[in-house]
Amino acid sequence: VSDPMRGEWFEARAAAGLLRGGSGSNHPPGSDASVVALSHRWRSHHSGWRRHFPDPIKVRAVGSIALEMAWIATGRLAAGAWYRTNPWDVTAGELLIRESGGLVVEVPDGGPGERWALSRSALFLRQAFLASSDGKAATGSNSP
């Protein structure tokens, strides 16, 4: 995944970990547990989501699911959730998150292409996402 605006890139291979580089890669890794990327479609579909999350919670949108997932993998964002995703939107980002020790969950009984992801340092938000998804069973890779 490339971020040309910041001059950085994110790369992963299965079982080989996460790499990042470029001029913008000096941003220190770490998570602000209060910043999440929740797509407008996801928030609309789960209108009561806010009552399940800790305060304060800030919602940001980068404009690219792949880049949001890369930021989750590096800890710039704590988590993210999307609705109506396509494989070309999420495949690279899912690998980045898994290789960084995070969690990617596809909600089988959710909406089309519904999924959410957590950075390694924000796994505690899993219950908030499960509650927001009306308790629907969710499967994920790297489940804690």
Measuring from [X]:[atom1] to [Y]:[atom2], what's the distance to the nearest 0.5 Å?
X: Glu8; Y: Phe10; atom1: CD; atom2: CZ; value: 3.5 Å
X: Arg50; Y: Ile57; atom1: CZ; atom2: CD1; value: 8.0 Å
X: Ser132; Y: Gln127; atom1: OG; atom2: CD; value: 10.5 Å
X: Arg51; Y: Ser47; atom1: CZ; atom2: OG; value: 7.0 Å
X: Arg20; Y: Ser100; atom1: CZ; atom2: OG; value: 11.0 Å
X: His52; Y: Ser133; atom1: NE2; atom2: OG; value: 9.0 Å

Looking only at non-hydrogen atoms, find the nearest pair between [X] and [Y] and report the distance.
X: Ala78; Y: Ile72; answer: O-CG2, 4.2 Å
X: Leu125; Y: Pro54; answer: CD2-CD, 3.8 Å
X: Leu67; Y: Val62; answer: CD2-CG1, 3.6 Å
X: Ile97; Y: Leu118; answer: CG2-O, 3.9 Å

Donor-acceptor pair, [X] side chain versus [Y] backbone, under 3.5 Å?
X: Thr74; Y: Trp71; result: yes
X: Glu99; Y: Ala16; result: yes
X: Ser119; Y: Ala73; result: no

Problem - Donor-acceptor side-chain pairing of Glu68 and Trp82 below 3.5 angstrom - result: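 Their side chains do contain a donor-acceptor pair, which is all the 3.5 Å distance test asks for.
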
Exercise for the section: Determine whether Leu103 and Arg126 make a side-chain contact, defined as any pair of heavy atoms from C-beta on separated by less than 4.5 Å. Expected result: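 Yes, at least one pair of side-chain atoms sits under 4.5 Å.
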
Problem - Pair Trp116 and Tyr83, ring centroids less than 6.0 Å apart - result: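 Centroid separation for Trp116 and Tyr83: 6.0 Å or greater.
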
Exercise for the section: For the residue pair Phe53 and Trp49, categorise the inter-ring angle as parallel (less than 30°), tilted (30 to 60°) or perpendicular (more than 60°). Expected result: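 Perpendicular, since the angle between the ring planes exceeds 60°.
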
Problem - Sole residue of Leu96, Val90, Asp89 in side chain to side chain contact (heavy atoms under 4.5 Å, CB included) with Met69 - result: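 The single option meeting the side chain to side chain contact (heavy atoms under 4.5 Å, CB included) with Met69 is Val90.
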
Exercise for the section: Step by step, work out the salt bridge (charged side-chain N to carboxylate O under 4.0 Å, His left out) result for Arg115 and Glu94. Expected result: CA-CA 10 Å; Arg115 59 186 24 84; Glu94 287 179 352; 2.6 Å; yes

Exercise for the section: Treating Ile, Leu, Val, Met, Phe, Trp and Tyr as nodes and any side-chain heavy-atom pair under 4.5 angstrom as an edge, say whether Val1 and Leu95 lie in one connected cluster. Expected result: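 In one cluster with Val1: Leu95, no.
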
Practice task
Taking atom CZ of Arg43 as the centre, report whether more than 12 heavy atoms of other residues, nucleotides or ligands fall under 6.0 Å from it.
Solution key: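 Count over threshold, so yes.
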
